[in-house]
Amino acid sequence: MSLNIVELQKLDQSNYIHPFTDHLPMHQMGTHLIQSGEGCFLIDQNNHRLLDGLAGLWCVNVGYGCKEIIEAVNQQMQKLAYYPSFFNTATESAIQLANRIAQLAPTPRLKHTIFSESGSEANETALKIILNYQRLRGHPKKTKILTRTFAYHGVTLATTSMTGLASCLDPFGLPLAGFIHAPGPYHYLANTPLDPEAYGQWCLEETEKIILKENPETIAACFAEPIQGAGGVIVPPPGYLKGLRELCRKYDILFIADEVITAFGRMGCWFLSKIWNLDPDMITMAKGITSGYLPLGATLVSDEIINLIYRNGYFAHGYTYSGHTTSCAAALANLDVLDKEKIIPRVEQETGPYFQKRLSEFTEHKAIGEARGYGLIAALEIIPKEGKAALSPTANLGVKVAALAREEGVIVRGIRNLVAIAPPLIISKEEIDYLFDGVKRALNRLY
């Protein structure tokens with residue numbers, strides 16, 4: 001039985017707890033319902049056509065209504081919808097996907113994948129593998145985890161503790177003990193006389209001080225997003241990530257690249273770890289692996305780590321849906337579409353540069369303090385009409401602009417006082433114009 005919009009909104013208010021939502025004002029206005037999608041566009045409850053400038057939640061890389069993925073899921077469902085990877089068994093789609101990821105991996109030593117259902121679980125899995133590995137190699141005191149301010153690594157108890165955002169930590173009394181945050185290279189908010197590259201070097205110096213204070217013999221691993229996503233689309237300055245990787249080598253700390261957002265094409269490459277030569281010991285991924293069509297996370301592990309764990313015998317970790325048969329089939333179809341339609345080279349050579357060109361035009365706008373990005377991801381820092389000096393952390397100007405942008409026909413994400421933009425990878429130059437023109441109209445209405 002089909003329900004009307006009012007009925008659905010009432011049921012939503014009665015029964016549905018939304019993630020990352022202020023529920024009281026949402027229910028006063030009524031939940032915004034999305035009814036359908038095609039390509040880069042969505043249709044809402046009022047039949048308004050909205051260009052999805054955030055690709056769902058940084059994930060719908062091939063756009064909505066991809067027939068190849070839908071057909072692959074349908075065929076897999078009819079053949080075998082699900083079977084676990086426990087009990088010394090496997091299914092073809094999980095095996096094929098693990099092999100495909102190994103072929104795409106940045107270095108030959110990264111070729112072993114364990115699956116989960118999300119980026120949070122991919123990072124949680126990485127944490128347990130790290131602790132297991134450090135114990136097996138005779139370093140049981142290496143239990144601390146180093147991350148950065150403005151990092152986002154998930155929402156389990158442990159991965160929230162890795163996340164460097166007060167809005168995620170404070171309501172739950174986190175982080176847990178043993179989770180350390182070094183300064184992330186967020187130059188815009190630092191209000192420093194140093195230029196971005198010099199500030200990045202300062203962050204590295206502070207990170208080394210923290211490592212020494214905590215004692216390197218107690219630090220197991222460092223997790224880093226190559227570009228910090230939900231924390232504000234923070235693009236690292238030249239030399240920073242290379243320096244962070246070198247610090248980890250220097251102090252025998254595993255280096256894990258969280259590529260939940262950056263993998264599978266958004267940056268014009270399969271993995272940023274490859275083109276930036278990060279040589280991580282593990283990579284975590286999710287989102288774009290299926291373009292969001294079904295839940296799937298993955299943790300890619302190096303030879304050195306997994307071979308030691310294998311030699312120890314029984315590996316006591318996994319989830320009911322690890323290597324979910326249909327999710328893996330969706331991922332394989334998604335990777336085929338990205339490959340056969342040459343979507344990633346187009347992002348690298350055409351749409352990515354054009355997107356960044358349009359983004360750069362906003363540096364002259366009266367409401368913008370900074371415009372930054374890489375490939376098909378961007379952030380616009382919003383300032384009040386009095387200027388950056390009058391900026392308040394509680395102003396939530398990004399959230400206000402995102403609401404205005406939706407009225408102008410485009411969806412972006414408001415984060416504190418910035419707007420994040422990350423459209424589907426199939427976006428055309430004309431649709432990029434549509435997206436940024438809508439954002440500009442929203443900014444012009446701010447004040």
Side-chain angles (χ1 to χ4, degrees), residues 40 50-55 58 149-150 152 165 167 184-200 225 227-238 240 261 266-267 351-423 427 429-447:
C40 294
L50 303 167
L51 193 150
D52 186 2
L54 198 70
W58 326 83
T149 56
F150 299 101
Y152 183 86
L165 298 169
S167 60
Y186 197 170
H187 180 263
Y188 177 81
L189 280 193
N191 293 317
T192 173
L194 301 173
D195 64 33
E197 192 167 348
Y199 181 68
E225 304 157 272
I227 291 175
Q228 292 175 251
V233 188
I234 303 163
V235 182
Y240 169 79
I261 289 177
R266 181 155 303 283
M267 310 304 163
T351 52
Y354 186 74
F355 180 88
Q356 294 301 321
K357 176 179 176 294
R358 284 301 317 266
L359 175 70
S360 67
E361 297 170 8
F362 284 82
T363 56
E364 302 301 319
H365 196 283
K366 62 181 181 179
I368 297 301
E370 181 175 85
R372 58 179 179 270
Y374 191 99
L376 282 179
I377 194 169
L380 291 168
E381 295 278 2
I382 317 298
I383 55 174
K385 60 183 177 181
E386 296 84 6
K388 184 181 176 183
L391 198 60
S392 164
T394 60
N396 286 324
L397 295 177
V399 177
K400 293 175 183 176
V401 171
L404 293 170
R406 191 165 293 215
E407 293 176 5
E408 297 295 338
V410 298
I411 297 172
V412 294
R413 183 175 182 181
I415 303 173
R416 301 183 305 274
N417 291 310
L418 66 90
V419 162
I421 309 171
I427 194 169
K429 289 183 178 180
E430 293 76 18
E431 289 167 336
I432 290 171
D433 288 337
Y434 186 99
L435 171 59
F436 281 117
D437 289 348
V439 171
K440 187 174 182 179
R441 291 194 300 272
L443 288 168
N444 291 342
R445 291 174 56 192
L446 184 63
Y447 56 79

Just so I know, are the side chains of Phe355 and Ile427 near enough to count as touching, which here means a heavy-atom distance under 4.5 Å?
no
Provide the closest heavy-atom pair for Ala371 versus Thr363 in the form atom of the first, atom of the second, distance.
CB-CG2, 4.0 Å
I'd like to check Pro236 versus Gln228 (side-chain heavy atoms, cut-off strictly below 4.5 Å). Are they in contact?
no
Tyr354 vs Arg358, side chain to side chain contact (heavy atoms under 4.5 Å, CB included): CA-CA, chis, key distance, verdict
CA-CA 6 Å; Tyr354 186 74; Arg358 284 301 317 266; 3.9 Å; yes
Taking all atoms of both residues into account, what is the closest heavy-atom pair of Val439 and Val410, and its distance?
N-CG2, 4.0 Å
Begin from the C-alpha positions of Ile382 and Ile368 and carry the test side chain to side chain contact (heavy atoms under 4.5 Å, CB included) through to its verdict.
CA-CA 5 Å; Ile382 317 298; Ile368 297 301; 3.7 Å; yes
Between Trp58 and Ala420, which heavy-atom pair has the shortest distance, and what is it?
CH2-CB, 3.7 Å
Report yes if some heavy atom in the side chain of His365 is under 4.5 Å from a heavy atom in the side chain of Asn444; otherwise report no.
yes
Is there side-chain contact between Arg413 and Val233, with heavy atoms separated by less than 4.5 Å?
no
Taking C-beta and beyond as the side chain, do Leu443 and Phe362 meet within less than 4.5 Å on heavy atoms?
yes
Salt bridge between Glu381 and Arg372, side-chain N to carboxylate O under 4.0 Å?
yes
Looking only at the side chains, is there a donor atom on one of Asp195 and His187 sitting less than 3.5 Å from an acceptor on the other?
no
Quick one: closest heavy-atom pair of Leu165 and Phe150, and the distance?
CD2-CA, 3.8 Å
Test your reading of the model: is there a side-chain donor-acceptor pair from Arg266 to the backbone of Pro423, 3.5 Å cut-off?
yes
Is any side-chain N of the basic residue among Arg445 and Glu408 closer than 4.0 Å to the acidic one's carboxylate O?
yes
Hey, could you give me the CG/CD1 distance between Leu51 and Ile432, rounded to the nearest 0.5 Å?
9.5 Å
Tyr374 and Gln356: which non-hydrogen atoms are nearest, and at how many Å?
N-NE2, 3.1 Å
Step by step, would you call Thr394 with Asn396 a side chain to side chain contact (heavy atoms under 4.5 Å, CB included)?
CA-CA 5 Å; Thr394 60; Asn396 286 324; 5.6 Å; no
Which distance, rounded to the nearest 0.5 Å, do you find between the CD1 of Ile421 and the CD1 of Ile411?
12.5 Å
Is there a donor-acceptor contact under 3.5 Å from the side chain of Lys366 to the main chain of Tyr447?
yes
Lys/Arg cation over aromatic Phe436: Lys357, 6.0 Å, 45° cone:
no
Return the minimal non-hydrogen interatomic distance between Gly231 and Tyr186, and the atom names on each side.
O-CE1, 4.1 Å
Listed by chain and number, what are the side chain to side chain contact (heavy atoms under 4.5 Å, CB included) partners of Asn417, not counting sequence neighbours?
Leu391, Ala395, Leu397
Can Asn191 and Lys388 be said to form a side chain to side chain contact (heavy atoms under 4.5 Å, CB included), step by step?
CA-CA 10 Å; Asn191 293 317; Lys388 184 181 176 183; 3.5 Å; yes
Please round to the nearest 0.5 Å and tell me the distance separating atom CD1 of Ile234 and atom CG of Leu189.
7.5 Å
